[in-house]
Amino acid sequence: MEHHGRIIKLLHASIDPDPNEDSEFRFLVDNQSVKYITISGGLFEPPDMSFEPALVSQLPPFPPGDWNTARVSADAATGLPRFEATEKKLLPGITNLWHDVRIDYTELRMGRRLKSNVYEATCARLGSRTVVAKFARFPWEIGHVAAETTAYEWIEGHDIGPPFLGHLAEEGRVIGFVMARVGGGKGPESGFRHAQEDDLPLCQSSLERLHALGIRHGDINKYNFLVHDGRVTMIDFDAAFRPASTEELKQEMQRLLDQLRDTSGRGGVHSVA
């Protein structure tokens, strides 16, 4: 939305309802630069902070200049919101850049949100197909996405997970990756379904291929096994570990049937990544 002559888009928010605690926001400014803004606790009402028009309308004008982090707090004299400080910080990024392709965040046209940090998207460079982008919304999430990026390097070419299409960058800093969408169609689960007890042989086959590489998946809930086209594709490798011991791999395989039978809903989201 337009705000004091600039286009401001709220990308992500981490809102703490406690008025004594700060909340964190990720904005796209003028469709080209990403800003990370901390808003002091108690400055705005939580419902307003979760609704882009209400939040942006209460913010002061975004300062000019080359900065990527800032804090908004109440002015001591007037009580009105003000940018207390802006700074150009070297934010953490993924360093294991094993794939040749790098895609900038602004190249993606985001579609349906599948998880808090996973989106369907399209990218002109990747053709007309729908892909899946997974990324760190905030700097503190880099570690998990970096671990999964490395796991995809381990399984590359082994037909275990979705094809890895490239690293996802934000102003030069790599924050995630883009992968092929599992199955076809446009619905959140079109073209695949989550595994069930009857799919045990297919799931065992997929997990065996992973274990043959000495890798323990680390989170074998049934929602991480996507059944499609007579086979299974595994997802969510952020807890993957290698080299795993023979006993660790054996124990993970032994837990698989119970995971497929589980009805607790743990890990259950309408996601493809």
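What you are looking at is a predicted structure, and each value in this text was computed from that prediction instead of being measured.
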Contact check, side chains of Leu213 and Trp154, non-hydrogen atoms, under 4.5 Å: no

[X] side chain vs [Y] backbone, donor-acceptor pair below 3.5 Å:
X: Asp229; Y: Arg231; value: no
X: His99; Y: Glu153; value: no
X: Asp238; Y: Val145; value: no

Working to the nearest 0.5 angstrom, can you tell me the gap between [X] [atom1] and [Y] [atom2]?
X: Leu59; Y: Ile37; atom1: CG; atom2: CD1; answer: 6.5 Å
X: Ile215; Y: Met234; atom1: CD1; atom2: CE; answer: 10.0 Å
X: Trp67; Y: Lys35; atom1: CH2; atom2: NZ; answer: 5.0 Å

Geometric cation-pi criterion, Arg26 with Tyr105: 6.0 Å, 45°: yes

Angle class for the [X]/[Y] ring planes (parallel below 30°, perpendicular above 60°, tilted otherwise)?
X: Trp98; Y: Phe164; result: tilted
X: Phe192; Y: His194; result: perpendicular
X: Tyr152; Y: Phe177; result: tilted

Non-neighbouring partners of Arg255 that pass salt bridge (Lys or Arg N to Asp or Glu O under 4.0 Å), sequence neighbours left out: none

What I want to find out is whether [X] reaches [Y] closely enough, with some N-O distance under 4.0 Å, to be called a salt bridge.
X: Asp236; Y: Lys134; result: yes
X: Glu248; Y: Arg216; result: yes
X: Asp199; Y: Lys222; result: no

Ignoring hydrogens and angles, state whether a donor on the side chain of [X] or [Y] is under 3.5 Å from an acceptor on the partner side chain.
X: His228; Y: Thr233; result: yes
X: Tyr119; Y: Arg113; result: no
X: Asn96; Y: Thr150; result: yes

Within 6.0 angstrom of Glu171 CD, more than 12 heavy atoms from elsewhere: yes

Ring pair (Phe, Tyr, Trp, His ring centres under 6.0 Å) between His12 and Phe25, intermediate numbers included: CA-CA 6 Å; His12 298 98; Phe25 300 86; over 10 Å; no

Closest contact, heavy atoms only, Ala74 versus Gly79: CB-O, 3.8 Å

Smallest separation among heavy atoms of Phe237 and Glu148, with atom names: N-OE2, 2.9 Å

